[in-house]
Structure formats: structure tokens, C-alpha cells
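Reading through the C-alpha cells given below for one structure.
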Amino acid sequence: MRLIIFGPPGAGKGTQAGLLEERHGITQISTGDILREAMAQETELGQKAKSYIDAGELVPDALVRDLAEQAIADEGHDDFMLDGYPRTDQQAEWLTEFLASNETPLDGVLSMKVPDDVLVRRLSRRRVHEETGETYHLDHDPPPEDVDPDLIVQRSDDEPETIQNRLDVYREETALLATYYEERDLLVPVDGTGGIEEVFGRIEEALDALER
Ligand code: AP5
């Protein structure tokens with residue numbers, strides 16, 4: 001299936017896309033993960049993206065488009081879930097045209113609904129493994145005891161002011177894409193509140209409905 005998982009920062013997109021890859025073999029394509037990896041490797045792309053990411057701003061469309069195109073092509077244009085792409089009108093238009101030109105249209109857009117206070121709690125308590133990129137939450141999904149605590153860090157964009165800016169940017173530039181996909185009959189709202197497995201159960205139900 002060709003899917004997008006859509007929603008605000010902290011909605012659980014990465015967590016759910018990771019589970020979907022593990023249990024259903026649908027590859028997660030996260031533009032955020034690709035950019036963070038480029039930053040860690042200090043590539044030219046990583047150096048260009050760093051100031052935007054650290055400030056909670058969007059990386060310019062032209063830089064992210066090539067990543068998305070390459071990652072989708074690497075997957076053979078099938079069985080992928082885009083996580084964090086698209087985020088602007090321009091990105092959504094490009095994606096629609098790119099997929100149409102390959103005759104591989106989207107099957108659905110899962111839109112995660114989570115209230116702001118829950119988003120802030122999830123983001124401020126998130127921690128990641130510096131080397132593997134594995135994501136944890138200090139309350140709901142703490143790092144296992146055998147993991148070296150020195151390797152567990154906070155993302156540079158999970159500071160309180162940056163979280164607030166990311167939520168503002170989402171509302172101003174990204175949230176309206178829900179209407180774009182609703183008009184194309186692709187939007188599937190998913191309640192993203194509750195435990196990780198509870199939400200995953202809802203995602204599986206949504207996928208069953210899309211397959212029918
Ligand atoms: P990106 O990495 O995509 O960040 P984001 O969209 O802001 O989303 P997050 O990764 O913060 O949250 P998530 O929804 O994946 O939640 P998660 O599963 O981790 O992008 C980062 C930056 O890169 C952007 O700000 C931008 O600068 C740039 N960028 C990326 N794509 C771009 C694009 N297309 N265009 C331009 N710029 C782009 O969960 C969060 C926490 O909650 C975790 O600790 C998790 O364990 C916990 N959790 C998850 N689900 C639950 C649950 N059900 N109950 C309790 N805890 C939970």
C-alpha cells in the first residue's frame with residue numbers, strides 16, 4: 001500500500017510507522033529521520049538543514065523533495081508510508097504529480113488526531129538513542145536498563161520553545177493539507193490518543209477498511 005501518516009509533531013507518526021514496518025512490512029519513509037541522519041553525518045544537506053531543524057522551522061521544499069523522490073524510488077514505488085512528507089501545499093502538489101506520473105497513486109492518508117496538551121507532554125518527555133535513533137518516552141516507553149544512559153539524549157528540536165514553534169508552523173503551513181486530501185477522498189482520521197498499542201489497533205482497522 002502507498003500511504004501517508006499525517007499529523008502534528010508528537011502525534012506518534014514515527015512510532016506507528018515503525019510498528020507498521022515491523023509488523024506489516026510497509027517501509028517507513030521519514031524525511032525527518034533522513035535529515036537527522038544527514039546532520040549526524042555532517043553532509044552538505046545536513047549542514048544546510050541544521051539551522052532550520054534546530055529552530056523548528058521547515059527545511060526548504062527543494063531540499064526535501066529530492067529526498068522524498070529518492071526514497072520512494074528506492075522502495076520501487078510500492079508499499080511505503082511517508083512520515084513527515086508532505087508538509088506544504090507545494091510538496092503535496094509535487095507528490096500528487098510525481099505519483100501520477102508513475103501510475104502509483106496513494107491509497108490513503110492516515111490523519112492522527114491528538115490534543116495539544118498531550119502533544120507537548122509526549123515531545124517534552126521524548127528521548128532518543130544517539131546511535132540507533134530508537135525513540136523512547138520517559139513515562140510510556142522508557143529506555144531498557146541495558147542501554148547505556150549516556151547515549152540517551154533529547155532531540156535538539158524538543159526544547160520547550162522549539163516545540164511551541166513547531167506546533168505553530170504545523171498549524172500555519174501543514175494542517176490545511178488535511179483538506180487537500182479530504183477533497184481527494186483519501187483522508188482517514190485516526191484517534192491518536194491512548195496507549196501505543198491501542199492506537200496501533202485503530203491504524204490496523206483503518207488499513208483493513210482501505211483494503212476492502
Ligand atoms: P520530523 O522528525 O518529521 O518531526 P515531526 O513531524 O515534528 O514529528 P515528530 O517526530 O516530532 O513526532 P511524531 O509524530 O513522529 O511522534 P513520535 O512517534 O516520535 O521532522 C523534524 C524536522 O525536520 C521538522 O521540524 C523540519 O524542520 C524537518 N522536516 C522534516 N520533514 C520535512 C518536510 N517534509 N518539509 C520540510 N521540513 C521537514 O512520538 C513522540 C513521543 O511520544 C515519543 O517519545 C513516543 O515514544 C511517544 N508516544 C508516541 N505515541 C504514544 C502514545 N500513543 N502514547 C504515549 N506516548 C506515545
Side-chain angles (χ1 to χ4, degrees), residues 4-21 28-40 45-46 48-69 71-72 81-95 110-129 133-143 152-159 162-175 177 190-203:
I4 291 175
I5 189 159
F6 178 78
K13 303 182 297 295
T15 302
Q16 297 299 331
L19 288 177
L20 213 61
E21 174 164 311
Q28 174 191 14
I29 298 178
S30 160
T31 42
D33 284 353
I34 298 171
L35 289 166
R36 276 184 293 279
E37 178 64 20
M39 279 164 59
L45 168 70
K48 283 184 186 157
K50 186 174 176 5
S51 60
Y52 297 100
I53 292 186
D54 287 352
E57 297 291 333
L58 295 184
V59 173
D61 284 346
L63 289 181
V64 190
R65 174 185 300 182
D66 291 348
L67 304 183
E69 180 169 0
I72 294 169
M81 174 170 263
L82 286 168
D83 160 12
Y85 195 95
R87 282 168 125 105
T88 63
D89 287 349
Q90 210 185 345
Q91 291 181 14
E93 289 291 354
W94 172 80
L95 182 67
L110 306 183
S111 175
M112 311 286 289
K113 303 283 177 198
V114 180
D116 275 11
D117 60 325
V118 178
L119 297 175
V120 172
R121 265 204 308 281
R122 286 186 186 171
L123 293 173
S124 54
R125 303 283 287 164
R126 171 166 58 190
R127 296 294 182 272
V128 290
H129 192 288
E134 188 75 31
T135 297
Y136 302 103
H137 187 280
L138 294 180
D139 307 318
H140 308 292
D141 182 20
I152 301 299
V153 297
Q154 192 164 23
R155 256 171 58 171
S156 61
D157 56 353
D158 277 347
E159 298 294 335
T162 319
I163 290 175
Q164 194 49 55
N165 193 42
R166 288 164 62 206
L167 291 172
D168 292 344
V169 168
Y170 175 79
R171 267 187 285 273
E172 284 158 23
E173 304 205 39
T174 306
L177 293 185
V190 176
D191 176 0
T193 61
I196 290 171
E197 291 297 335
E198 197 180 342
V199 176
F200 190 66
R202 293 187 201 119
I203 289 197

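Keep in mind that what you see is a predicted model, and the values were worked out from it rather than measured. Hydrogens, waters and symmetry mates are skipped; everything else that's a heavy atom, side chains included, is used. Whatever order the structure lists ligands and atoms in, that order sets their numbers, starting from 1. For this chain, numbers begin at 1 and follow the sequence in order.
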Looking at E159, is its backbone amide N or carbonyl O close enough to the side chain of Q164 to form a donor-acceptor pair, meaning the two atoms are under 3.5 Å apart?
no
Check side-chain hydrogen bond (donor to acceptor under 3.5 Å, both in side chains) between E198 and all other residues, then give those that pass, not counting sequence neighbours.
R202
Taking ring-ring contact (aromatic ring centres under 6.0 Å, His included) as the test, write out the residues that go with H140, two or more places apart.
H137
Side-chain donor/acceptor of K13 to backbone N/O of G84, under 3.5 Å:
no
Near ligand 1 (heavy atom, under 4.0 angstrom), the protein residues are P8, P9, G10, A11, G12, K13, G14, T15, T31, G32, L35, R36, I53, E57, L58, V59, V64, G84, Y85, R87, Q91, R122, L123, R126, T135, Y136, H137, H140, R155, D157, R166, G194, G195, I196, V199
Residue from L95, I29, D83 passing side-chain contact (heavy atoms from CB on, under 4.5 Å) with I4
L95
Can you sort out the partners of A92 under side chain to side chain contact (heavy atoms under 4.5 Å, CB included), two or more places apart, ordered by chain and number?
P86, L177, Y180, Y181
